[in-house]
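Below is one structure, written out as structure tokens; comments come after it.
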Amino acid sequence: MQLRLLTIPFSHYCEKARWALDLTGLPYLEDAHAPVFHYLHNRRWGAGSTVPALVAPEGVLSDSSDILLYAHRHGVPLYPRRYEAEIRSWEDRFNRVIGPQTRVWAYSLILEQPDLIIELLRSCPKHEQRIAKPLLSQIQAGIKQSYQIRPSSTQDSLREINALWDQTDRILASGQPYLVGEAFSAADLTLGALGGIMVMPPQYGFPYPPLERLPAAMRSEIEARRQTPTGKYVLALFRKHRKGIQAYQGERSASVRA
Ligand SMILES: N[C@@H](CCC(=O)N[C@@H](CS)C(=O)NCC(=O)O)C(=O)O
């Protein structure tokens with residue numbers, strides 16, 4: 001049975017799962033769908049309502065942290081026993097703060113440029129893109145409502161992100177090689193995947209539009225973050241640890257990845 005990773009392809013939690021699976025070297029199929037369409041496919045495969053979800057011979061895993069554990073059990077030492085508690089504690093904080101707040105930050109700015117939303121759907125099935133295009137204003141309204149995006153959201157989310165980013169800045173400024181212990185772990189992978197959208201590493205597993213195409217406020221924030229110890233660390237993590245993508249994605253996204 002082939003491993004199947006259900007995604008909304010531009011989701012940073014999906015990048016977290018994709019990165020971990022890529023490190024295992026196991027071949028898998030990325031089954032990418034536009035938001036809302038993903039519900040149908042999740043239901044079909046017995047997953048919950050969110051992505052990522054991994055359909056594996058052992059069962060269906062409906063949470064990114066469970067998928068990291070799966071990768072660990074398949075030969076990627078993401079949770080070395082000696083540091084496990086500390087690694088899990090960082091992963092949990094990144095999941096609870098960096099994940100949701102970077103999502104609000106990104107959406108609050110991207111929603112101002114609706115053509116970008118269409119661009120983000122490029123690796124989804126063509127019929128989903130066709131259906132989504134004329135529904136753009138409803139999609140914008142739906143995203144605003146789901147993530148409670150208000151005019152103050154960009155600044156509010158940055159405040160929450162900074163509280164944790166400042167902590168990692170202080171730790172990483174000393175030049176220690178990894179966030180926890182002596183090796184790359186689930187703490188690094190989670191910071192990289194969820195925080196990555198604030199520095200846009202070229203190796204990110206979803207081809208985001210180039211900086212010049214992003215709204216000016218997003219671009220300037222990314223450029224500033226790239227200069228912080230955490231930003232530099234995340235860029236280096238991707239250079240050193242983001243292996244090539246193992247997923248078979250079919251013809252529909254071959255051109256996107258090229
Ligand atoms: N706890 C979940 C959270 C994942 C999550 O928030 N996924 C979002 C995409 S970034 C999602 O599925 N959103 C669609 C929805 O909630 O309907 C995990 O780590 O896997």
Side-chain angles (χ1 to χ4, degrees), residues 3-23 28 30-56 58-72 78-79 87-111 116-117 120-121 123-125 128 131-132 135 138-149 153 157 160-161 164 185-198 200 204-208 247:
L3 289 174
R4 175 180 293 263
L5 184 66
L6 296 162
T7 68
I8 292 172
F10 53 87
S11 146
H12 52 353
Y13 285 98
C14 293
E15 170 64 359
K16 183 183 162 195
R18 196 163 41 209
W19 189 347
L21 278 186
D22 287 334
L23 289 174
Y28 65 96
E30 180 172 349
D31 195 358
H33 295 281
V36 180
F37 290 91
H38 78 280
Y39 291 127
L40 299 174
H41 296 271
N42 276 25
R43 174 139 23 116
R44 173 173 167 207
W45 291 98
S49 60
T50 60
V51 287
L54 180 68
V55 186
E58 298 87 342
V60 179
L61 306 176
S62 287
D63 189 88
S64 62
S65 297
D66 292 337
I67 298 171
L68 264 56
L69 208 51
Y70 181 89
H72 177 82
L78 291 173
Y79 301 92
I87 290 168
R88 283 185 184 278
S89 156
W90 277 113
E91 182 184 5
D92 181 55
R93 272 175 283 168
F94 296 142
N95 278 341
R96 281 187 295 103
V97 179
I98 299 288
Q101 297 302 332
T102 54
R103 177 169 55 202
V104 167
W105 169 77
Y107 272 139
S108 71
L109 296 167
I110 284 175
L111 286 176
L116 275 179
I117 299 175
L120 293 179
L121 300 179
S123 52
C124 297
E128 294 180 8
I131 295 170
L135 297 175
Q138 285 95 323
I139 294 174
Q140 279 177 286
I143 294 173
K144 275 191 179 160
Q145 198 186 0
S146 301
Y147 298 119
Q148 297 179 7
I149 292 173
S153 290
S157 56
E160 302 260 349
I161 292 164
L164 197 49
S185 74
D188 300 306
L189 190 153
T190 306
L191 171 62
L194 302 184
I197 56 173
M198 298 207 77
M200 294 281 174
Y204 205 83
F206 174 80
Y208 274 102

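Both counts, for ligands and for their atoms, begin at 1 and track the order of listing. Computation of the quantities below employed the complete heavy-atom set of this structure, encompassing side-chain atoms and omitting hydrogens, waters and symmetry-equivalent molecules.
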Exercise for review: Taking the side chain as every heavy atom from C-beta outward, state whether L21 and Y70 have any pair of such atoms under 4.5 Å apart.
Suggested key: yes
Review point. Judged by atom type as modelled, is there a donor-acceptor pair below 3.5 Å linking the side chain of T102 to the main-chain atoms of G99?
Key: yes
**Study point:** Shortest protein heavy-atom distance from atom 16 (O) of ligand 1, along with the residue and atom involved
**Key:** T50 CG2, 3.7 Å
Point to revise | Proximal candidate to atom 17 (O) of ligand 1 [heavy atom criterion; set F10, Y39, Y147, Y13] | key: Y39
Study note, to complete from the structure: Closest to atom 12 (O) of ligand 1 among protein heavy atoms sits V51 N, 2.9 Å
Review point. Within the structure, does S11 bring an N/O atom to less than 3.5 angstrom of an N/O atom in ligand 1?
Key: no
Review point. What protein heavy atom sits nearest atom 1 (N) of ligand 1, and how far away is it?
Key: D63 OD1, 2.9 Å
Exercise for review: Mind telling me whether Y107 and Y147 have parallel, tilted or perpendicular rings, with 30° and 60° as the class edges?
Suggested key: parallel
Exercise for review: Please check if the side chain of Y208 supplies one atom and the backbone of F10 the other of a donor-acceptor pair under 3.5 Å.
Suggested key: yes
Check your understanding: Out of curiosity, is P52 lining ligand 1, as in a heavy atom under 4.0 Å away?
Key -> yes
Exercise for review: State if K16 counts as touching ligand 1 under the rule of any non-hydrogen atom under 4.0 Å.
Suggested key: no
**Study point:** Donor-acceptor contact present, side-chain H38 to main-chain A32, <3.5 Å
**Key:** no
Practice item. Note the single closest protein heavy atom to atom 20 (O) of ligand 1, along with its residue, its atom name and the distance in Å. Key: S64 N, 2.8 Å
Point to revise | Donor-acceptor pair between S65 and K16 side chains, under 3.5 angstrom | key: yes
Exercise for review: Using non-hydrogen atoms of the residue, decide whether N95 is closer than 4.0 angstrom to ligand 1.
Suggested key: no
Review point. Can you tell me if CZ on R43 sees more than 12 non-hydrogen neighbours from other groups inside 6.0 Å?
Key: no
**Study point:** Taking atom 6 (O) of ligand 1 as the reference point, the nearest protein heavy atom with its distance
**Key:** R103 NH1, 3.0 Å
Check your understanding: Under 3.5 Å, side chain of Y13 to main-chain N/O of N95, donor-acceptor pair present?
Key -> yes
Exercise for review: Identify, by atom number and element, the atoms of ligand 1 in contact range of H38, meaning under 4.0 Å from any of its heavy atoms.
Suggested key: 14 (C), 15 (C), 17 (O)
